[in-house]
Amino acid sequence: MGRGKFKGKPNGQRQFSTPEDLLAGTSTRPRTFSKKEAEHDEVEEEILESSEEESGDESEGQDEKKKGIQGIIEIENPNLVKPKTLKVKDIDIGKTTELSRREREEIEKQRARERYMRLQEQGKTEEARKDLERLALIREQRAEAAKKREEERAAKEQKKVAARK
């Protein structure tokens, strides 16, 4: 439980300002902050800045420290292949790319369909033969129906001519 005048946050934890927040001026300072403490803080800031500059120069010369076993064992993961960036002058235009299985199957289907349609037009497939036989039967039936109509028309005309006489 929090003590004091102000109510704490729902999680019950207090939040403290970090030195970086204090330097940036983003932290909330208490109302009782005095000038003496401000002067003391400024002196501490100057000391921190000078020590950071010195340590920054040293860290640039050193390699990054690796955590744990990484510093001891240096093995490249074969699964982590870094993508190689190719320059335009290095690209081989004559090199053909391999098609994926799906692309190959799609191309094969299209070729088979075209070949089948060509054979269909030539009448060499069984389906084409059956269609041609059906068409021949239909043509015969239509020719017979046309003959019957002509005969009926001729018979009607003869009846009309005979009825006029």
Side-chain angles (χ1 to χ4, degrees), residues 1-2 6-29 49 52-53 55-165:
M1 288 290 176
F6 301 105
K7 189 174 184 181
K9 296 197 176 194
N11 58 7
Q13 296 178 351
R14 294 183 181 177
Q15 187 163 354
F16 297 99
S17 300
T18 61
E20 293 83 23
D21 291 339
L22 291 173
L23 290 175
T26 56
S27 68
T28 57
R29 293 183 174 163
E49 288 175 3
E52 286 177 2
E53 290 175 2
S55 65
D57 296 337
E58 294 172 3
S59 64
E60 291 174 0
Q62 297 175 350
D63 292 332
E64 293 181 25
K65 291 184 179 180
K66 296 182 181 178
K67 296 180 182 177
I69 303 175
Q70 292 178 351
I72 301 169
I73 302 171
E74 293 184 16
I75 299 174
E76 276 196 33
N77 186 350
N79 296 330
L80 287 177
V81 178
K82 295 179 181 176
K84 297 178 182 177
T85 54
L86 293 175
K87 296 181 180 177
V88 175
K89 64 181 180 181
D90 296 337
I91 296 175
D92 186 15
I93 297 173
K95 183 180 177 184
T96 58
T97 57
E98 297 271 334
L99 296 175
S100 67
R101 178 185 56 84
R102 287 184 180 171
E103 292 171 339
R104 278 195 310 266
E105 288 176 357
E106 187 65 30
I107 291 171
E108 288 174 7
K109 282 181 184 178
Q110 288 175 353
R111 287 181 183 162
R113 198 175 302 125
E114 289 171 3
R115 189 179 334 110
Y116 183 78
M117 293 306 288
R118 214 177 306 117
L119 291 173
Q120 188 85 335
E121 289 172 3
Q122 294 172 359
K124 295 184 178 179
T125 62
E126 268 193 48
E127 191 174 339
R129 286 186 202 124
K130 289 179 182 177
D131 289 343
L132 290 173
E133 289 174 6
R134 245 184 275 126
L135 284 172
L137 285 174
I138 291 170
R139 284 181 185 148
E140 288 176 14
Q141 290 172 355
R142 288 182 182 169
E144 290 174 6
K147 280 183 188 177
K148 285 182 183 177
R149 273 186 257 131
E150 287 294 324
E151 290 174 1
E152 288 175 3
R153 216 178 275 147
K156 284 183 182 178
E157 286 180 17
Q158 286 179 1
K159 285 184 182 178
K160 286 182 184 178
V161 172
R164 287 186 190 165
K165 290 185 183 177

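Please read all numbers here as calculations on a predicted model, not as lab measurements.
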Trainee: Which distance, rounded to the nearest 0.5 Å, do you find between the CZ of Arg118 and the CZ of Arg115?
Mentor: 7.5 Å

Trainee: Which of these passes salt bridge (charged side-chain N to carboxylate O under 4.0 Å, His left out) with Glu105: Arg102, Lys109, Arg101?
Mentor: Arg101

Trainee: Glu150: what forms a side chain to side chain donor-acceptor pair (under 3.5 Å) with it, not counting sequence neighbours?
Mentor: Arg153

Trainee: So, do Arg113 and Gln110 sit near enough that their side-chain heavy atoms are less than 4.5 Å apart?
Mentor: yes

Trainee: Between Glu133 and Arg129 (salt bridge meaning N to carboxylate O under 4.0 Å), is one present in this structure?
Mentor: no

Trainee: Rounded to the nearest 0.5 Å, how far does CG of Leu99 lie from CD of Glu106?
Mentor: 11.5 Å

Trainee: Would you indicate whether the side-chain heavy atoms of Lys156 and Lys159 approach each other to under 4.5 Å?
Mentor: no

Trainee: Compile the donor-acceptor pairs under 3.5 Å between side chains in residues 120-128 and protein atoms, sequence neighbours left out, one pair per line.
Mentor:
| from | atom 1 | to | atom 2 | distance (Å) |
| --- | --- | --- | --- | --- |
| Gln120 | OE1 | Thr125 | OG1 | 2.6 |
| Gln122 | OE1 | Lys124 | NZ | 3.4 |
| Thr125 | OG1 | Ala128 | N | 3.2 |
| Glu127 | OE1 | Tyr116 | OH | 2.7 |

